[in-house]
Amino acid sequence: MKPMTVFGRQKPANLEPEGRKDVNYSSQWRLMVLRFKKHKLARISLAVLALLYVCALLAQFLAPYSLESYDSKYVNAPPMKLRFVDADGKFHIRPFVYELQSTRDPDTMRKIFASNPEKRYALKFFVKGERYKFLGVIPTSTHLIGVEQPGRIFLLGTDALGRDMFSRILLGSQVSLSIPLVGVGISFILGLIIGGVSGYFGGWMDSVIQRIIEIIRSFPTLPLWMALSAAIPPRIPVVRMYFYIVIIFAFIEWTGLARVVRGKFISLKNEDYVVAAKIAGVGDAKIIAKHLLPGLISYLVVATTLAIPGMILAETAMSFLGLGIRAPATSWGVLLQEAQQIENIALYPWKIIPLATVIITVLTFNFLGDGLRDAADPYKR
Amino acid sequence: MSRPILEVKGLKKNFQVKSRKALFAKPTSVQVLNDISFELREGETLSIVGESGCGKTTLGRCIVRGMSASSGEVIYHAPGGETVDYLKLNGAASKKFRKDIQMIFQDPYSSLSPRMSVFNIISEPLIANFKLSRREVEEKVSSIAMQTGLNVSYLRRYPHAFSGGQRQRIAIARALVTQPRLIVCDEAVSALDVSIQAQIINLLKDLQQEFKITYIFISHDLSIVENISDRVAVMHLGRVVELASVESMFRQPRHPYTEALLSAVPQPDPELKKNRIILEGEVPNPANPPSGCHFHPRCAYRTEKCVKESPALREIGNQHYAACHYAEELTLRSARNEPRTEEGH
């Protein structure tokens with residue numbers, strides 16, 4: 001009896017073409033993708049997140065103004081309305097804004113802004129403005145939107161120094177959205193290695209690592225942040241500052257991931273199919289690479305995704321307390337610092353708009369994590 | 001009689017159990033396997049039976065080194081005439097002999113990695129133990145797949161696409177692919193439904209004939225045990241209490257525990273009224289075993305001697321071993337040819 005030839009593992013392209021779409025021939029990852037696609041909320045969240053990150057990446061281009069730009073004439077200006085119809089009832093294809101004129105309330109002597117229908121500034125695309133480096137490399141001065149000088153456009157109002165909130169939210173998202181990713185990335189590596197050692201070898205090593213993790217986790221985080229950020233010298237470049245803060249977060253965050261990894265290692269180590277591989281004479285390194293890690297990675301993706309919102313909130317909280325990013329650099333937490341005063345919220349409600357962005361980001365990450373978790377479980381039907 | 005393939009000598013396994021009595025109390029150890037010794041002859045099927053928690057699975061796993069035994073030896077007689085202690089193999093010797101003993105697990109759902117295709121699952125032991133070209137691997141895998149009744153064109157599929165019976169065939173193919181001489185079947189058919197059980201049992205028997213495989217068949221299902229085995233070992237609380245050929249055991253059990261087990265075998269004849277022996281009390285706690293004979297709290301025939309003295313496994317005659325002080329004197333009921341009881345008709 002001559003055995004039939006079966007296509008080897010090296011050439012998945014040799015598969016029967018009709019078999020490739022068949023769910024029976026689908027690997028774990030493909031099944032995960034298929035299940036993930038059924039999770040509507042997670043799909044929407046993924047799209048929203050992608051949009052947020054693209055915006056953060058292109059923030060300098062999308063924002064009409066830069067971080068340093070301010071205008072003392074327009075302090076605490078309210079959001080401007082984009083209009084199509086002018087005071088005379090005439091329709092304009094190109095949206096425009098009215099010039100803002102500051103006056104004083106005759107009774108309270110408070111500075112208030114009124115739009116001046118005489119002066120229209122049409123919204124222009126690809127306008128020349130302040131110089132910046134596109135994606136950090138290409139020097140340019142083109143901004144996506146803007147109005148002609150001396151006009152100003154404040155889509156989301158301005159802050160106490162007359163800086164455009166819209167630009168600052170966009171630019172702040174670069175810090176607020178990337179710190180969690182980098183921080184989780186570092187803690188992912190730390191957690192994978194330390195948790196893996198702890199779970200795979202067990203014994204006294206496991207005990208020591210677990211006690212260290214317990215000690216780190218039992219530090220009250222707020223005083224710890226304060227101590228760590230006090231250790232950072234006050235006058236250092238923004239990039240270094242950013243780097244330090246990421247390390248502070250990763251230092252605390254890895255413990256959670258290490259526990260997930262350890263637990264998963266322990267449970268997978270005793271799975272029948274791992275024992276079967278051991279009995280069959282498969283080596284330790286190969287068992288880790290082919291059985292433990294693939295079994296682990298889907299859960300890790302989920303754990304990591306769910307760890308990110310915590311980091312975003314932590315960064316926001318730290319900056320809010322003045323411990324994190326400091327001006328002129330900005331993040332959503334820095335922007336929310338201004339909303340600390342009740343006066344600001346009462347009189348200038350647009351200053352809590354960064355809160356909305358934080359909420360949206362945290363929620364979408366949570367929904368995404370939920371979807372991934374549902375998709376990752378291989379025994380779920 | 002064929003020559004021995006495996007000798008288990010004084011195998012012990014202790015589990016450390018954390019005591020909850022005090023924070024720094026010394027962990028107590030539970031003896032799960034207590035001085036197990038038996039000999040396995042080439043080509044035979046030895047069944048190991050006993051109630052849950054008696055240590056059957058631990059014994060199986062210790063033999064294949066899925067677990068490390070606390071002490072004892074498992075002497076393996078290699079085909080070339082060498083004898084090695086299988087439990088102490090390492091390095092090159094390990095590579096040489098480990099492929100000879102394989103295992104089939106109880107649950108075909110957890111014993112196959114959901115992340116590997118069937119081809120990769122079956123070829124894994126092959127790649128780990130032999131240096132083969134891809135073509136040779138493919139040929140071996142497909143021939144073993146055919147012999148175990150798997151459709152070769154399904155090998156690219158993943159385990160989730162198969163039913164329980166098919167999955168167990170995959171597990172059998174994986175165990176067979178290195179051409180082992182001994183396979184430990186740990187409740188290999190318990191998770192399957194009855195019709196599939198018969199198929200798999202027949203498959204195992206056919207394969208035994210074809211490849212001269214020796215089986216250690218761990219089971220709690222005595223009907224299957226009677227069907228498949230040559231010899232049966234009855235385990236109770238980590239000890240072998242009776243070991244005999246299947247005919248001898250089922251015709252004339254010598255240990256009261258075996259009698260109770262046999263009386264629990266379901267009879268297909270509804271006319272046959274059975275006198276089931278219901279053992280009183282719980283399975284004794286292995287962490288705190290009873291004195292003397294471990295079975296005495298539940299034994300209907302116990303005497304003072306049983307409470308004090310622990311019986312050794314001794315030959316009663318004709319290769320029939322039992323660990324009971326009164327093995328010769330007691331007339332115990334057998335499973336087969338059970339007389340119709342008076343109160344039945």
Side-chain angles (χ1 to χ4, degrees), chain A residues 1-16 18-20 22-32 34-35 203 267-287 289-298 376-381, chain B residues 61 64-67 94-95 97-99 101-117 119-129 134-135 137-147 152-162 171 174-175 177-178 180 184 186:
Chain A
M1 179 170 66
K2 194 182 173 299
M4 278 173 66
T5 324
V6 192
F7 300 114
R9 67 170 80 191
Q10 282 85 356
K11 280 191 183 171
N14 277 359
L15 286 171
E16 308 88 301
E18 75 279 2
R20 299 197 71 175
D22 189 344
V23 75
N24 291 329
Y25 293 90
S26 309
S27 73
Q28 204 52 48
W29 284 105
R30 250 196 77 73
L31 285 181
M32 238 180 106
L34 287 177
R35 267 200 297 268
S267 80
L268 282 176
K269 201 170 66 170
N270 296 319
E271 281 279 340
D272 277 355
Y273 63 83
V274 178
V275 178
K278 226 191 226 165
I279 291 170
V282 181
D284 271 355
K286 221 169 173 191
I287 286 182
K290 288 187 74 180
H291 291 282
L292 297 183
L293 286 183
L296 190 79
I297 222 81
S298 56
D377 189 351
Y379 298 110
K380 199 175 146 272
R381 275 288 167 271
Chain B
R61 293 209 174 185
V64 297
R65 293 180 66 177
M67 247 177 217
S94 170
K95 259 234 151 357
F97 297 118
R98 275 198 89 159
K99 63 179 195 308
I101 302 183
Q102 291 296 324
M103 184 164 183
I104 300 169
F105 289 83
Q106 170 172 11
D107 183 2
Y109 287 86
S110 61
S111 70
L112 305 178
S113 169
R115 293 173 184 84
M116 287 164 86
S117 71
F119 179 86
N120 288 352
I121 288 172
I122 299 179
S123 64
E124 191 182 29
L126 212 52
I127 292 164
N129 287 295
R134 218 188 78 207
R135 182 145 198 97
V137 170
E138 282 170 8
E139 277 173 14
K140 283 214 159 171
V141 169
S142 49
S143 80
I144 210 79
M146 270 189 283
Q147 266 152 341
V152 175
S153 60
Y154 290 170
L155 287 181
R156 281 280 136 209
R157 292 189 176 188
Y158 284 79
H160 62 79
F162 293 88
R174 170 176 62 187
V177 78
T178 57
V184 175
D186 181 12

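Order of the sequence lines fixes the chain letters, A, B, ..., with proteins taken first and strands second; residue numbering starts at 1 for each chain.
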Undergrad: How many angstroms lie between OH in A:Tyr273 and CD in B:Glu124, if you round to the nearest 0.5 Å?
TA: 11.0 Å

Undergrad: Apply side chain to side chain donor-acceptor pair (under 3.5 Å) to A:Asp272 and list each qualifying residue two or more places apart in sequence or on a separate chain.
TA: B:Arg61, B:Ser110

Undergrad: How long is the span from the CD1 atom in A:Ile279 to the CD atom in B:Gln102, to the nearest 0.5 Å?
TA: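 Output value for this atom pair is 7.5 Å.
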
Undergrad: Considering non-hydrogen atoms only, spot the tightest contact between B:Gly66 and A:Val275 and give its length.
TA: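 Smallest heavy-atom distance, with atoms named: CA-CG1, 4.2 Å.
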
Undergrad: Given 3.5 Å as the limit, does a donor-acceptor pair link the side chain of B:Asn129 with the main chain of A:Gly281, or not?
TA: no

Undergrad: Heavy-atom count around B:Lys99 NZ within 6.0 Å, excluding the residue itself: above 12?
TA: yes

Undergrad: Using a 4.5 Å cut-off on heavy atoms from C-beta on, say whether the side chain of B:Arg115 contacts that of A:His291.
TA: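 A side-chain contact under 4.5 Å is absent here.
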
Undergrad: Drop me the distance from A:Lys290's NZ to B:Ile127's CD1, to the nearest 0.5 angstrom.
TA: 6.0 Å

Undergrad: Minimum heavy-atom separation for A:Ala276 to B:Ser111, with atom names?
TA: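 What the structure gives for the nearest pair is CB-O, 4.5 Å.
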
Undergrad: Under a 4.5 Å heavy-atom cut-off, does chain A meet the side chain of B:Ile101, its backbone, both or neither?
TA: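 For B:Ile101, backbone heavy atoms alone lie under 4.5 Å from chain A.
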
